[in-house]
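Notes follow the structure.
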Amino acid sequence: MLQKIRNEWKTIVQNQIDEMAKGILGEGADVPELTIQVPPKPELGDIAFPLFSYAKVLRMAPNKIAAALKDNIESLSDKPEGELILAGPYLNVKIDVIALADVLYKTIKENGSEFGKNKQYDGKKIMIEFSCPNTNKPLHLGHMRNDSLGMSVSSILMANGADVQRVNLINNRGVHICKSMLAYQKFGNGETPESTGMKGDHLVGKYYVKFAQWEKEDDTAVDQAKAMLVKWEQGDEEVLKLWKTMNGWTLDGLAESYKKTGVSFDKYYYESETYKLGKDKVLKGLEEGVFYKEEDGSVWIDLEDINLDKKVVLRKDGTSLYMTQDIGTAISRHDDYPFDSLIYVVASEQQYHFKVLFHILKSLGYTWAKELYHLSYGMVNLPDGKMKSREGTVVDADELFDSLASIAKKEIQDKERENQVDGLDKTSEAIALSALNYYLLQVSPTKDMVFDSKKSISFNGNTGPYLQYMGARISSMVRMFEEQKDEYASIEFDSKYLTQPEERELIKSIALYPEIVEKAGKDFDPSVICSYLYDLTKLFSKWYHDNKILKAEDKNVVVARMGLSSLVLQTIKNAFPLVGVTFLESM
RNA sequence: GCGCUAGUAGCUCAGCUGGAUAGAGCAACUGCCUUCUAAGCAGUAGGUCAUAGGUUCGACUCCUAUCUGGCGUACCA
């Protein structure tokens, strides 16, 4: 909406510049394209056109160009609503916000939850892979960033018109899986999640830790684990039985964590089922000369010409590697769901892996390989440094979630709002989840971040709970307004009663929302939406604090302000799910 | 060594594909609850945007070099 207004003005100004250039330089002058900016202060208008770059072409000082343009444009009979402002070398426009508010009101009332969506990826099939846990331990904070990103980006893509398929790849085979199995076999005494009351993934994780301890005392431990893997690959009944049992425990536990944190997938892939698929493709590629064989029998690809070194794709004993399996998985995925694009949400430490993977798939002749994208995200560190499993500083996902929820719960109780909220536990968990998602998503994905659990649970400032609180405040007003509806029955929303400076800013901010969704979709970046939401709610908060809404004296003003509030409400309701924030009617 | 990536206020982060005095939050200090939920609002203080050059009318933004940190460079995943 704002975009449209900006472009209208741009066309007008650009045309005038072209005219001036023609007058001075004659036909065919090379005139640079106009850039559009936002003035730093509201008093300076809403749209800015810097004119520096025309000084040389037109042989005039930018201020004079601005003045001349202003005169010329004002004399035009056909121009958009708005007012031109001279600001030195800038020509600015103050748009007609009242008119914008009317359009906005109509649009949002008509479109409701559809407001903000666009067709950028209309008809595109996009597959997105994320989470990809191992079945030897529970989820930790690192997975949570991955999951938050995966869920958020896929929601954002849907809002941009894409047909999205969320997939998970369960890493359920390998030596590391055998380690927890072996430790359980040796020290488990037949424990089960039922007998211990432990969540399955935590129970398995306990034996993974146990293995690490045992490994220090017995140097045959790793060899025993490797031997177990061989047995597993040979289909040894006893090993498979244990594997199935323990995998089941972990997967049950993971399912519970996913459910709690609102993570879901359209399809699960299991490494145990896909690891052999890549092998055939590699052998075929070997025949075609994409790969070569070393004397020891291992298969390689030489990527030195593109600065990616040499990479092994099949072990000398013929078994598959991570790379082998990923080749197969990608191919089978494209068979399952012929995507236009596949996004891998994987930590930045695997950038090299994906460069190589994508290159290999291209070399094997898959044309869709150029549509593969590694959404690389940075590490989650702690205020004291890195998370290290050896030092026991890894933040467990379930524990973190539960502790956040209990803090939220206490807060509700302290404020004596148990009866106001829709279920104490339900609300506390919704607050905890939103706090977590928002904290993880507000940082640009590519950057490493510091996760301070103390700050994450703080409900002040730029946090999920703050956003939820604003949503709840507006909802509360809307409810009260509904109760007194009869008093206002004869009054229509009229934007001309929105005269406060904050109201101007609010209207502009709401109008910006569709562009924000588009940008987030284009960049695969949820943090864009986070910043936007915080700006919008902060703006609302100030306005709401300084002005009476429901209790304004003039009923026309009440209706206009409630109308504006409802637009803010609809906008944040639409934006919240894109960044994993739960909307609460009351908190 | 080589490759990738980052370095903005004490801390955590923004900074719109170069533009008008670099913005928030937290922490610190200070105001504001007989008034629509104070999980709030406002104010004060805090910066030679790692350093040095370069390109440009103009650089936090682009280029080069240097310093510092992270990651990778496994027949682990």
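Treat the numbers as computed from the prediction; the structure is a model and nothing was measured. Residue numbers begin at 1 in each chain, while the letters A, B, ... track the order of the sequences.
Contact annotation for A:Asn547: base contact, defined as any heavy-atom pair under 4.0 Å involving a base atom. A:Pro465 comes within 4.0 angstrom of no nucleic acid atom, judged by non-hydrogen atoms across all strands. As judged by a 4.0 angstrom heavy-atom cut-off over every strand, A:Glu271 is placed among residues touching the sugar-phosphate backbone only.
The pair A:Lys10-A:Glu33 counts as a salt bridge, with a side-chain nitrogen and a carboxylate oxygen less than 4.0 angstrom apart. The existence of a salt bridge linking A:Lys316 and A:Glu294 is excluded, since no basic side-chain nitrogen approaches an acidic carboxylate oxygen closer than 4.0 Å. Salt-bridge formation is detected for the pair A:Asp46/A:Lys508: a Lys NZ or Arg NE/NH1/NH2 atom is positioned less than 4.0 Å from an Asp or Glu carboxylate oxygen. Salt bridge status for A:Glu411 with A:Arg417: absent, with no side-chain N to carboxylate O gap under 4.0 Å. The residues A:Glu585 and A:Arg479 are annotated as salt-bridged, a charged nitrogen and a carboxylate oxygen being separated by less than 4.0 angstrom.
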Write out a two-atom table: protein N or O, nucleotide N or O from nucleotides 70-73 of chain B, distance below 3.5 Å.
from   : atom 1 : to       : atom 2 : distance (Å)
B:rG70 : O2'    : A:Asp448 : OD2    : 3.3
B:rC71 : OP1    : A:Lys386 : NZ     : 2.4
B:rU73 : O2'    : A:Asp309 : OD2    : 3.3

Do any N or O atoms of the protein come closer than 3.5 Å to N or O atoms of nucleotides 22-24 of chain B, and which pairs are they?
none

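Atoms OH (A:Tyr469) and P (B:rC41) sit 8 Å apart, rounded to a whole Å. Nucleotide B:rA77 holds its C1' atom 6 Å from the OH atom of A:Tyr322, rounded to whole Å. Rounded to whole Å, the distance from CD1 on A:Ile306 to P on B:rG3 is 15 Å. A:Leu303 places its CG atom 17 Å from the P atom of B:rG3, with the value rounded to the nearest Å.
OP1 or OP2 of B:rC41 has at least one side-chain nitrogen or oxygen of A:Tyr466 nearer than 4.0 Å. The phosphate of B:rC57 has OP1 or OP2 within less than 4.0 Å of a side-chain N or O from A:Lys56. Taking side-chain N and O atoms only, A:Asn134 has no distance below 4.0 Å to OP1 or OP2 of B:rA77. Distances shown here put a side-chain N or O of A:Ser541 below 4.0 Å from the OP1 or OP2 atom of B:rC41. Listed pair A:Arg315 / B:rC76 meets the phosphate criterion, a side-chain N or O lying under 4.0 Å from OP1 or OP2.
If A:Val312 and A:Leu44 are placed on RNA chain B by their nearest nucleotide, the residue sitting closer to the 5' end is A:Leu44. Take the nearest nucleotide of RNA chain B for A:Lys310 and for A:Thr35: the residue whose nucleotide is more 5' is A:Thr35.
B:rC62 and B:rC26 have their C1' atoms separated by 33 Å, with the value rounded to a whole Å. Comparing the same atom, P, in B:rG46 and in B:rA22 gives a spacing of 14 Å after rounding to whole Å. On the P atoms, B:rG18 is 14 Å away from B:rA59, given to the nearest whole Å. Taking atom P on both B:rG43 and B:rG54, the two are 41 Å apart, rounded to the nearest angstrom. Distance check on atom C1': B:rC33 versus B:rA38 gives 6 Å, rounded to whole Å. For the P atom pair drawn from B:rU48 and B:rA9, the interatomic distance equals 9 Å after rounding to whole Å. Spacing of C1' atoms, B:rG7 relative to B:rC11, comes out at 15 Å, to the nearest Å. B:rA45 and B:rA24: their P atoms are spaced 13 Å apart (whole Å).
Using cut-offs of 30° and 60° on the angle between ring planes, the pair A:Phe583 and A:Phe576 is tilted. Under the 30°/60° scheme for interplanar angles, the aromatic rings of A:Tyr322 and A:His353 are found to lie parallel. The aromatic rings of A:His140 and A:His143 are tilted relative to each other, their planes meeting at an angle between 30° and 60°. Using cut-offs of 30° and 60° for the angle between ring planes, the A:Phe540 and A:Tyr544 rings count as parallel. Ring planes of A:Tyr439 and A:Phe451: perpendicular class, angle over 60° (limits at 30 and 60°).
Taking the six-membered ring for Trp and the full ring otherwise, A:Tyr466 and A:Phe459 have centroids separated by 6.0 Å or more. When ring centroids are compared, A:Phe354 and A:Tyr373 stay outside the 6.0 Å threshold.
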In B/S/- notation (B base, S sugar-phosphate only, - none; protein heavy atoms under 4.0 Å), nucleotides 6-12 of chain B written 5' to 3' is -S---BS

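Listed by residue number, the members of residues 472-485 of chain A with any heavy atom below 4.0 angstrom from RNA chain B are A:Ala472, A:Arg473, A:Ser476, A:Met477, A:Met480. Near RNA chain B, meaning a heavy atom under 4.0 Å away, the residues from residues 427-437 of chain A are A:Ile431.
Other residues, nucleotides and ligands place no more than 12 heavy atoms under 6.0 Å from the CD atom of A:Glu416.
Judged by a 6.0 Å distance limit and a 45° cone about the ring axis, A:Arg145 is not positioned over the six-membered ring of A:Tyr377.
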Give the intermediate values and the outcome of side chain to side chain donor-acceptor pair (under 3.5 Å) for residues A:Asp201 and A:Thr250. CA-CA 4 Å; A:Asp201 49 340; A:Thr250 311; over 6 Å; no

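Here A:Tyr544 lies parallel enough and close enough to stack on the base of B:rC36, with planes under 30° and ring centres under 5.5 Å apart.
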Watson-Crick and G-U pairing of RNA chain B written in dot-bracket, each distance under 3.5 angstrom, with | for inter-strand partners: (((((((..((((.....[...)))).(((((.......))))).....(((((..]....))))))))))))....

